[in-house]
> 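Okay, here's the structure, questions in a sec.
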Amino acid sequence: IREREVFGRPDPEFNRAIRELRNRAGAVVMLSRRNLLARYLSSQMAAQQGKYHVYEGDQIAPPKPVTVDTTYAIKTFGWHDNEWKNDERTYLGLPIIRTTYESLRDEWDSETLRLQKFIGLEPQVLLPETRKQSRFARCRDVITNLDEVCRAIRETQWADKLDEWLEGN
């Protein structure tokens with residue numbers, strides 16, 4: 001197993017959990033977001049509000065607009081891509097399946113059946129129980145320096161995702 005590091009330091013809890021999974025012949029379900037801009041914005045807003053998970057019924061102030069640090073945001077997009085590319089080495093020997101928040105939101109029935117089959121459960125239709133809430137409806141609505149963000153992303157490998165990302169959350 002490749003030991004995972006966070007900010008250049010070993011992540012002992014994560015590494016211990018992976019060893020335990022291997023001992024139990026477990027499997028890994030990787031959950032992420034396709035919309036890397038939304039991921040960045042959500043992280044910035046969470047830090048701004050001091051609350052990282054917003055659930056149905058939580059009373060939080062409406063999000064303040066975010067001025068995107070384009071250099072840092074694009075760097076985080078690359079980190080995300082590398083994280084997914086390194087999965088096989090990190091989870092050496094463990095079966096891995098990937099899914100995204102967007103897949104679970106848009107294709108709930110087929111995606112939950114696919115995940116159940118992967119982990120060896122008898123597939124059954126599950127009813128979605130939405131508890132976690134999005135902080136914003138569209139990325140474009142919460143970015144103060146939208147023109148700068150668009151210019152910066154258009155110069156990257158993610159240029160073809162920009163319009164989709166701006167309309168999503």
> Roughly how far, to the nearest 0.5 Å, is CD of E107 from OG1 of T99?
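Answer for the OG1-CD pair, T99 versus E107, is 8.0 Å.
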> Do I97 and V28 come within less than 4.5 Å of each other through their side chains, counting heavy atoms only?
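Not touching, per the 4.5 Å side-chain cut-off.
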> With a 4.5 Å heavy-atom cut-off, do L162 and R154 have their side chains touching?
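L162 vs R154: side chains touch.
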> Looking only at non-hydrogen atoms, find the nearest pair between D69 and Y40 and report the distance.
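It is N-OH, 3.3 Å.
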> Indicate the atoms forming the closest heavy-atom contact of A27 with F118, along with that distance.
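The answer is CB-CE2, 3.7 Å.
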> Would you say Q44's side chain and V66's backbone share a donor-acceptor pair under 3.5 angstrom?
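No, the answer is negative, given that no donor and acceptor are paired below the 3.5 Å cut-off.
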> Are the side chains of L31 and T100 in contact, using a 4.5 Å heavy-atom criterion?
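T100 vs L31: side chains apart.
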> May I ask you to test the C139-V149 pair for a side-chain heavy-atom distance under 4.5 Å?
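Counting from C-beta outward, C139 and V149 never come under 4.5 Å.
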> Rounded to the nearest 0.5 Å, what separation is found between the CG atom of L113 and the CG atom of L126?
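The CG atom of L113 sits 7.0 Å away from the CG atom of L126.
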> Check I153 against I74 and note the closest heavy-atom contact, atom names and distance.
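Of all heavy-atom pairs spanning I153 and I74, the closest is N-CD1, 4.3 Å.
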> List for me each residue that meets salt bridge (charged side-chain N to carboxylate O under 4.0 Å, His left out) alongside R34, sequence neighbours excluded, and say none if there are none.
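Applying salt bridge (charged side-chain N to carboxylate O under 4.0 Å, His left out) to R34 gives none.
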> To the closest 0.5 Å, what do you measure between OH (Y72) and CZ (F77)?
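Answer rounded to 0.5 Å: 11.0 Å.
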> Under the side-chain contact (heavy atoms from CB on, under 4.5 Å) criterion, do L146 and V68 qualify, and how do the steps go?
CA-CA 8 Å; L146 185 60; V68 174; over 6 Å; no
> Quick check for you: to the nearest 0.5 Å, what is the distance between H80 atom NE2 and R39 atom CZ?
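It is 4.5 Å, given to the nearest 0.5 Å.
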> Is W79 reachable from L41 through a run of hydrophobic residues whose side-chain heavy atoms are each under 4.5 Å from the next?
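Yes, because L41 and W79 connect within a single hydrophobic cluster, where side-chain heavy atoms sit under 4.5 Å apart.
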> Do the side chains of I143 and T67 get nearer than 4.5 Å, heavy atoms only?
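When only atoms from C-beta onward are counted, I143 and T67 do not touch, as no gap falls below 4.5 Å.
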> Under the side-chain contact (heavy atoms from CB on, under 4.5 Å) test, which residues partner E167, sequence neighbours left out?
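Testing E167 for side-chain contact (heavy atoms from CB on, under 4.5 Å), a comparison that skips the adjacent residues, returns R138, R140.
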> Taking only residues two or more places apart in sequence, or in another chain, which ones meet R114 in a salt bridge (charged side-chain N to carboxylate O under 4.0 Å, His left out)?
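Salt bridge (charged side-chain N to carboxylate O under 4.0 Å, His left out) list for R114, sorted by chain: E111.
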> CD/E148 to SG/C150 distance, rounded to the nearest 0.5 angstrom?
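The CD atom of E148 sits 10.5 Å away from the SG atom of C150.
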> Considering non-hydrogen atoms only, spot the tightest contact between N35 and N169 and give its length.
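Looking at all heavy atoms of both residues, the closest pair is ND2-N, 4.1 Å.
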> Measure the spacing between OG of S110 and CG of L115 and express it to the nearest 0.5 Å.
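One finds 9.5 Å between OG of S110 and CG of L115.
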> Report yes if some heavy atom in the side chain of T76 is under 4.5 Å from a heavy atom in the side chain of L36; otherwise report no.
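The answer is no; the side chains never approach within 4.5 Å.
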> Any side-chain to backbone donor/acceptor pair from S42 onto A38? Under 3.5 Å, distance only.
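Not at all, since once roles are kept as given, no pair shorter than 3.5 Å links the two residues.
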> How close do A152 and T70 get, heavy atom to heavy atom, and via which atoms?
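So the minimum-distance heavy-atom pair works out to CB-CB, 3.8 Å.
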> So which heavy atom on R33 is nearest to which on E102, and how close?
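Where R33 meets E102 most closely, the heavy atoms are CA-OE1, 3.5 Å.
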